[in-house]
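Step one of this worksheet: look at the structure below.
Below, each value reflects all heavy atoms present in this structure, side chains not excepted, and no hydrogens, waters or symmetry copies. The first residue in the sequence is number 1, and the count goes up from there.
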Amino acid sequence: MPDTVSTPERMLPDNAGLLVLAVDDEAPGLSEIKFLLESSPHIRRVLTAFDAAEALRILRGDYEQEVMARTKAGLPPVDAVFADINMPGLSGMDLARVLSAFRYPPALVFVTGVEERDALVTAFDVGALDFINKPINEERVLKAISRVADRVGRTAAPQTSSASLSQNAAEPSDDEVIPVELGGTIKLVPRASVRYVEAQGDYARLHTQDGSHLVRIPLAQLEERWANAGFVRIHRSYLVALPLVSELRMTANGYAVVIGTGEGAKELPVSRRHTKELKERIVRPPKSGW
């Protein structure tokens, strides 16, 4: 057994590049994504699997000592998984749900055909970082790799201890994107661009500076998922990006917050049950960050 395996810290992410896993049940598609991934300077090594079951065996460390060493060091087994959505047996969506249950899940990038684009609207729920449409475009693959590299760079500095990495691995990334459907096409909306979210039944409307987008996910679920990213509940109907709150003011009906400044500012009501917590978070933000 190589010496590096006995010292997990040596297996932590470094400047040598990313370890990724590509999953596709079709040999031509798997070869193509592997080739494009390897063409990026960010990528150190590409593991491959022909289905989700084989992918899970790889992620458990059944075949790769490096994967097992990363897991023991409190890291995701690989930096990212690039998975086809439509596969026999366990689909890419099924694989994503399993990955989301990992203590330290890798970044997830879906590869999808035209007929599967509707699935992307619900794929947000399983935490995908990015999406690549078929036929695969080299520029799009490289952009997805950059997203993964940015996330790994923030959560795994080369000289950081494994204990620190264990804490940081679970921190959310502002690179998270939300797929929304617009006129039969899928647009990827960065979470960082969302100013506030409005409840609309079992749906949620994401409000950005450029407009709004309806997604099939309840506001309560977004509240839980984005809690560590600076989003707070101020009302049964509203979730806001706290760093964008410019004012907390009294009105005839109680308190309200102002999101943004100038002509683009938006005033939203604050319910009584959320007023005290909101005041505390504005005056004394939590020590551990968003």
Side-chain angles (χ1 to χ4, degrees), residues 2 4-5 8 10-73 75-96 98-100 102 104-113 123 126-156 158 169 173 175:
T4 52
V5 176
R10 296 184 184 178
M11 307 300 294
L12 303 182
D14 54 32
N15 293 330
L18 304 171
L19 174 67
V20 301
L21 171 63
V23 191
D24 196 322
D25 64 299
E26 297 181 352
L30 188 59
S31 296
E32 183 178 22
I33 188 67
K34 182 176 186 292
F35 173 79
L36 292 176
L37 288 170
E38 290 177 336
S39 70
S40 167
H42 289 297
I43 301 296
R44 172 171 58 83
R45 188 180 176 203
V46 180
L47 307 177
T48 59
F50 279 106
D51 57 34
E54 183 182 8
L56 290 174
R57 288 193 291 271
I58 291 173
L59 294 172
R60 285 200 305 261
D62 289 0
Y63 312 133
E64 295 286 338
Q65 294 178 345
E66 180 179 2
V67 171
M68 182 63 73
R70 287 171 58 98
T71 302
K72 289 180 178 179
L75 292 169
V78 296
D79 293 305
V81 175
F82 287 72
D84 187 20
I85 285 184
N86 187 18
M87 295 186 290
L90 289 175
S91 68
M93 204 72 72
D94 294 328
L95 175 62
V98 176
L99 294 181
S100 67
F102 279 29
Y104 305 112
L108 173 65
V109 178
F110 275 130
V111 182
T112 175
V126 294
L129 176 65
D130 207 345
F131 308 86
I132 300 172
N133 288 321
K134 294 180 180 180
I136 298 173
N137 177 280
E138 180 179 7
E139 182 179 352
R140 190 68 189 82
V141 172
L142 295 179
K143 182 176 181 180
I145 294 170
S146 293
R147 282 186 176 276
V148 173
D150 286 345
R151 169 182 283 188
V152 172
R154 280 196 301 274
T155 60
S173 165
D175 273 350

To the nearest 0.5 Å, what is the distance between [atom1] ([X]) and [atom2] ([Y])?
X    : Y    : atom1 : atom2 : value
Y104 : L75  : OH    : CG    : 8.5 Å
L36  : I145 : CG    : CD1   : 8.0 Å
K143 : S40  : NZ    : OG    : 14.5 Å
I132 : D130 : CD1   : CG    : 6.5 Å
R140 : N133 : CZ    : CG    : 8.0 Å
E54  : L95  : CD    : CG    : 12.0 Å

Report yes if some heavy atom in the side chain of [X] is under 4.5 Å from a heavy atom in the side chain of [Y]; otherwise report no.
X    : Y    : answer
S39  : L142 : yes
L37  : I33  : yes
F82  : V23  : no
R45  : E64  : yes
L18  : V148 : yes
T48  : L21  : no
T112 : I85  : yes
M68  : Q65  : no

What are the two closest non-hydrogen atoms of [X] and [Y], and how far apart are they?
X    : Y    : result
A49  : I58  : CB-CD1, 4.0 Å
L47  : V78  : CD1-CG1, 4.2 Å
P106 : P77  : CD-CD, 4.3 Å
L129 : A107 : CD2-CB, 3.9 Å
P105 : P76  : O-CG, 3.8 Å

Residues that R57 engages under salt bridge (charged side-chain N to carboxylate O under 4.0 Å, His left out), provided they are two or more places apart: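 So R57 forms no salt bridge (charged side-chain N to carboxylate O under 4.0 Å, His left out) with any residue.
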Applying side chain to side chain contact (heavy atoms under 4.5 Å, CB included) to L59 and L99, what does each step give before you reach the verdict? CA-CA 9 Å; L59 294 172; L99 294 181; 3.4 Å; yes
Is the number of heavy atoms from other residues, nucleotides or ligands under 6.0 Å of Y63 OH greater than 12?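 Buried by this count: over 12 neighbours within 6.0 Å.
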Can you name the residues that form a side-chain hydrogen bond (donor to acceptor under 3.5 Å, both in side chains) with S91, not counting sequence neighbours?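 With sequence neighbours excluded, S91 shows a side-chain hydrogen bond (donor to acceptor under 3.5 Å, both in side chains) to D94, given in chain and number order.
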Filter on salt bridge (Lys or Arg N to Asp or Glu O under 4.0 Å), then keep only pairs touching residues 17-36, sequence neighbours left out; what's left? D24-K134, K34-E38
Taking D79 as the fixed residue, which of R70, H42, R44 is the one that meets the side-chain hydrogen bond (donor to acceptor under 3.5 Å, both in side chains) rule? R70
What's the verdict on side chain to side chain contact (heavy atoms under 4.5 Å, CB included) for L90 and D51, showing C-alpha distance, side-chain angles and the deciding distance? CA-CA 8 Å; L90 289 175; D51 57 34; over 6 Å; no
